[in-house]
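Here the structure is laid out as structure tokens; the discussion comes afterwards.
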Amino acid sequence: MSKLATLAEAVATIPSGAHVALSGFAITRCNMAFAREVIRQGIRGLTVSQCVGAMDADLLVGAGAVERIIYGGGSLDRFGRLNCVNRGIEEGTLVAEEYSSLSMAFRYLAGSLGLPFIPIRSLRGSDILRRLQEIAPSEVSTVDDPFTGENWLVLKPLVPDVAVVQVQVADEEGNAWIYGPRWDNEEQVKASQRAIVITERLVPTEVIRRDAERTVIPGFKVSHVVHLPFSAHPTSVYRIYDYDAEHIVRYAEATKTPEGVRKYLDEYVYGVKDHWDYLERVGGMKRLNDLVADPILGY
Amino acid sequence: MSKLATLAEAVATIPSGAHVALSGFAITRCNMAFAREVIRQGIRGLTVSQCVGAMDADLLVGAGAVERIIYGGGSLDRFGRLNCVNRGIEEGTLVAEEYSSLSMAFRYLAGSLGLPFIPIRSLRGSDILRRLQEIAPSEVSTVDDPFTGENWLVLKPLVPDVAVVQVQVADEEGNAWIYGPRWDNEEQVKASQRAIVITERLVPTEVIRRDAERTVIPGFKVSHVVHLPFSAHPTSVYRIYDYDAEHIVRYAEATKTPEGVRKYLDEYVYGVKDHWDYLERVGGMKRLNDLVADPILGY
Amino acid sequence: MTAYLEYTPLELMAAAGARELKDGEVVAVGIGLPVVASFLAKRTHAPNITILFELGVVDPEPVHTGVGLADPRVWYRAKVLSSFVDMLGTVLHRGLVDVGFLGGLETDMYGNLNTTLLGDPRGKFRHFVGSGGANDIASSARRTIIIIRHEARKLNQAVSFITSPGYLRGGGEREAARLRGGPSRLITDKAVFGFDPVSKRVRLESIHPGITLEDVLANMSFEPIVPDDLPVTEAPTAEQVRLIREEIDPEGMYSR
Amino acid sequence: MTAYLEYTPLELMAAAGARELKDGEVVAVGIGLPVVASFLAKRTHAPNITILFELGVVDPEPVHTGVGLADPRVWYRAKVLSSFVDMLGTVLHRGLVDVGFLGGLETDMYGNLNTTLLGDPRGKFRHFVGSGGANDIASSARRTIIIIRHEARKLNQAVSFITSPGYLRGGGEREAARLRGGPSRLITDKAVFGFDPVSKRVRLESIHPGITLEDVLANMSFEPIVPDDLPVTEAPTAEQVRLIREEIDPEGMYSR
């Protein structure tokens, strides 16, 4: 069954206040076109989660669409900090439930497997745990191992309302492949109630059937499939295109101040009518061609 | 670092009494050449485990090499029952810790992730659980979910001494790919202290690096790599060769009686000096060629 | 094209099983008649069901009949090839399997299934297949459909071993064990049964064409609830029979 | 080929880090100097170490320097491309990571690391990167190596926030928290430190060529244990410097 939809249609199914798991990691496979459309549609009060905070979450926070972020810390790698997320935390306008990469991944894993709780060694003795016990006491607890008597920290499963995942290849049913490392994306999708797949390449199901070991996202978890080239710009999509360093530098610079964020949003989000208009704004075909990945290197 | 070894060398590293996880499922990707060599070397008192009992375990039990089997039940599919395993259980000569597919998979998963225990909904209310509480009380317990107060059955992680896994493709370091469904094999290998990889095709690491998303077994878990074509015969290896129906029928018939088992072992295990001799005994190149898989169908 | 007005009891059971599936549902099946029933549903009224095999196979399109789940013939053209943890963990245990098909050596008036052993577990017994994924499906699927031969020794007073729990000893016992779902149908070669919503006891729903109530009751070891009006089970259509014989199970391995 | 007799402080730190790795070990690294140190070890005395990146990358062979773990440049020619659960779960949490490299905003005399915030967590503070996999590595690796700039504000009396636990408040505190391993080395651009086996306090091990004990102590906010004999840190060999500059970090992004 075809689940093809436009980006606007898919985004319109997300109510304000929903918990959205995002597939981005720092500056790669971020849901950028998705984030821009969420902002244009005025969706607010979101809870966003991801193991490592990325540019998609930062842009959403910068636009005031996010009330709570559940993440394991993050940055724009060498391009800088997640200025909007950090400012929100520093000014208290953003509730941050901060974990580590594995504790986030285990929370998604527990959600994906229908486990009631999952034990973990991480976080013990750290201020991350002390912080969590204050601001999110319902998410962490302890259990005595019935086999050894040892007391273990246990985490509550994470079950987002929807996972939005940027992939390289998908069919119209939502069966999808991810090239390169998958970080938390498979567990995010399988933990969530449903998934929106945003794909660079749309292939016939016939292609999926010829190499089904690659299918990390099964169609039956997917509610919408959006086929949208360069939808992760300015972040990278392994084997398809490289990150746009110049644009990310501009973003990192702009987001150092609230004024800069407003200007950036006016120019690249509110100031464009859709994704195609955005692509023209950031340099059009000529610029995008410079970013197309080398087939061997993958970037 | 090359870990290439002969089958005899790899098998010789397994002490009597060891816990060996086997990669077979019914009549596919079974460690048959491995089982035959274990029997020839006179290794005894093994504990064998696998989610679904298969022909590799049945042959080892038939030869008296196994003291305990930890499994989720099993058969030879339409070819018949696991006669040796069933007889051992019926006569009390084999200790059987019997689970279900998921409870076994979760025990391996917990072992692979270093979890102290893992909760599960399966087994409750069943005689499988009652049986386990009698014969393996140290492996199952209950824990109150600290988030809801609900009482959950929890299983102890399974950590085999060695996983023996039959794969289609591996390099000399043990980085390996499995085509087709992987059932419990990835969790078995990652839960075990080490793994012995038995591969149909040996490829340069260069090949592994070109399609690394497929690498489900990382070389650093592997102690030995055995390159041995048709090592799963008479069971199938997806995309390489089909099962040998005639031979499996012969086995299923022979194993109906202890005498039959002895005759089978004399002819196909003790009566052959090595794997190549075995391949001649079961029909040689002519027969094996009939089994070679069609590149499209995979069988 | 020949018209298929005749059908075998197994073909009728497959059609009855197919009828239980709603379009869009996720179905966990073992090999055999359940596969025939599921593919029949997918090729008729439920093209969007998702079919799962526990070892890590989703929506295959076999062109040859396999001897079991371990046969690569039944993996052909799958959309996903993964693992037990993926199928039974992230789909079944996670709560996404709508229907599970189960068979067995014997069942009882509460739909408890035995696939493990016959005889006295503490004394003399014969050991069979065991659970595989059956117990997991019986514990976590939203509902299960039992398909079994209609014989007194298979429709038993009590089972020698509960491999896959149905409603245990009835009433609220299954709920108390906090198992999800439970058996919704019991399909034999003589009749279709349901389960009483309160007592959870097996209740006759329809009798197959040409079968009498006496045949049904004489060949089972427990008393099902028998309602006053007893419809006749819908026979498979000629098209359903054709699909089974020409496309789904041409060798008749599971349906003849 | 030019002889590399000169080296930068960062190149010296990379060489000192590389020296800590034994052949055959499994090493979890973040981006930056630890990657340079690990690749240097792999190309010299430890060809069989396994290098892991938390997001799901094993033993890559980059030909271009990346801006971080998210840069496909550093995934090039990996042997495994998987996930957090695979790297941090089945390898690290399972107990298979021998060495983890960690850096941070500041550390204290027990090797506790802060990558989260500076200031008063309850009042005014600046928020930075947070943990990523750092806390996980600090909790489950068999030993960790801290690499940090030698400045008074980075080698602090106490850290504002313990992101990644070292020995907590020393003695048996880390063991009591049942964390695996702990920091084995603290490498700065002026010296190499270890940790006292009993008190777990930072102890000076060697001072880099051309640096005085005064330089070392004057630029840290806590008192390390200072043993009587203080060797000079081994300088990187010309070959090590050549490898760093020509092959591992030709753009000098992390080592100049």
Side-chain angles (χ1 to χ4, degrees), chain A residues 1-3 21 105-118 157-160 163 167 169-178 182 184-195 197 203-223 225, chain C residues 21-29 38 41-43 45-63 72-99 136-137 139-142 178-181:
Chain A
M1 180 181 57
S2 174
K3 295 165 185 171
F106 268 12
R107 290 199 65 190
Y108 285 129
L109 179 66
S112 76
L113 294 171
L115 303 181
F117 53 86
I118 187 167
L158 205 54
V159 181
V167 305
V169 176
D171 68 8
E172 60 174 24
E173 297 176 358
N175 297 297
W177 296 349
I178 292 175
R182 299 174 289 281
D184 54 354
N185 292 178
E186 184 172 353
E187 290 76 23
Q188 282 180 315
V189 166
K190 292 176 179 181
S192 300
Q193 301 294 5
R194 66 179 176 108
V197 166
V203 299
T205 298
E206 194 58 32
V207 171
I208 299 293
R209 292 187 187 276
R210 286 303 299 273
D211 208 358
E213 291 92 345
R214 289 192 188 279
T215 311
V216 292
I217 297 174
F220 60 83
K221 288 289 301 192
V222 178
S223 62
V225 177
Chain C
L21 305 179
K22 300 185 196 66
D23 197 19
E25 291 191 315
V26 175
V27 187
V29 303
S38 306
K42 199 172 177 67
R43 285 159 189 253
H45 68 284
N48 301 306
I49 56 172
T50 298
I51 296 173
L52 309 178
F53 295 156
E54 63 173 277
L55 74 170
V57 177
V58 177
D59 281 343
E61 290 183 348
V63 291
R73 284 161 185 73
V74 305
W75 312 339
Y76 187 56
R77 290 176 51 75
K79 292 174 187 169
V80 180
L81 289 169
S82 59
S83 67
F84 278 121
V85 167
D86 192 43
M87 295 292 103
L88 298 181
T90 74
V91 188
L92 178 67
H93 202 261
R94 167 76 171 74
L96 303 182
V97 169
D98 297 295
V99 186
D136 307 306
I137 291 169
S139 303
S140 290
R142 294 197 181 143
R178 282 178 304 96
L179 295 167
R180 205 184 268 135

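By convention in this document, chain letters (A, B, ...) are assigned in the order of the sequence lines, proteins followed by strands, and residues within each chain are numbered from 1.
Side-chain atoms of A:T205 and C:K79, non-hydrogen and from C-beta on, do get closer than 4.5 Å to each other. Taking 4.5 Å as the limit, some side-chain heavy atom of C:D86 sits within range of a side-chain heavy atom of A:K190. Using a 4.5 Å cut-off on side-chain heavy atoms (C-beta onward), C:L96 and A:K221 make contact. Side-chain contact between A:P218 and C:V58: absent, with no pair of heavy atoms (C-beta onward) separated by less than 4.5 Å.
Proximity of a side-chain donor or acceptor of C:R94 to a complementary backbone N or O of A:A191 within less than 3.5 Å is detected.
Both the backbone and the side chain of C:V85 come within contact range of chain A, with heavy atoms under 4.5 Å apart. For a residue to count as touching a neighbouring chain, one of its non-hydrogen atoms must lie under 4.5 Å from one of that chain's; by this rule A:E187 does not touch chain C. Proximity to chain C is limited to the side chain of A:V159, based on heavy atoms less than 4.5 angstrom apart. Residue C:I49 does not touch chain A at all, counting heavy-atom pairs closer than 4.5 Å.
Heavy atoms only, all atoms of each residue included: A:A212 and C:A78 are closest at CB-O, 3.3 Å.
Interface remark: of the candidates A:I217, A:I208, A:V216, A:I208 forms the most heavy-atom pairs closer than 4.5 Å to chain C.
With values rounded to the nearest 0.5 angstrom, C:N48 atom CG is found 5.0 Å from A:M1 atom CE. C:S82 contributes atom OG, which lies 8.5 Å from atom CD of A:E186 (distance to the nearest 0.5 angstrom).
With respect to the salt-bridge test (charged N to carboxylate O, under 4.0 angstrom), the residues A:R209 and C:D59 do not qualify.
For A:F106, the ring pair (Phe, Tyr, Trp, His ring centres under 6.0 Å) partners two or more places apart in sequence, or in a different chain, are D:H93.
With a 6.0 Å radius and a threshold of 12 heavy atoms from other residues, nucleotides or ligands, A:R210 has its CZ atom at or below the threshold.
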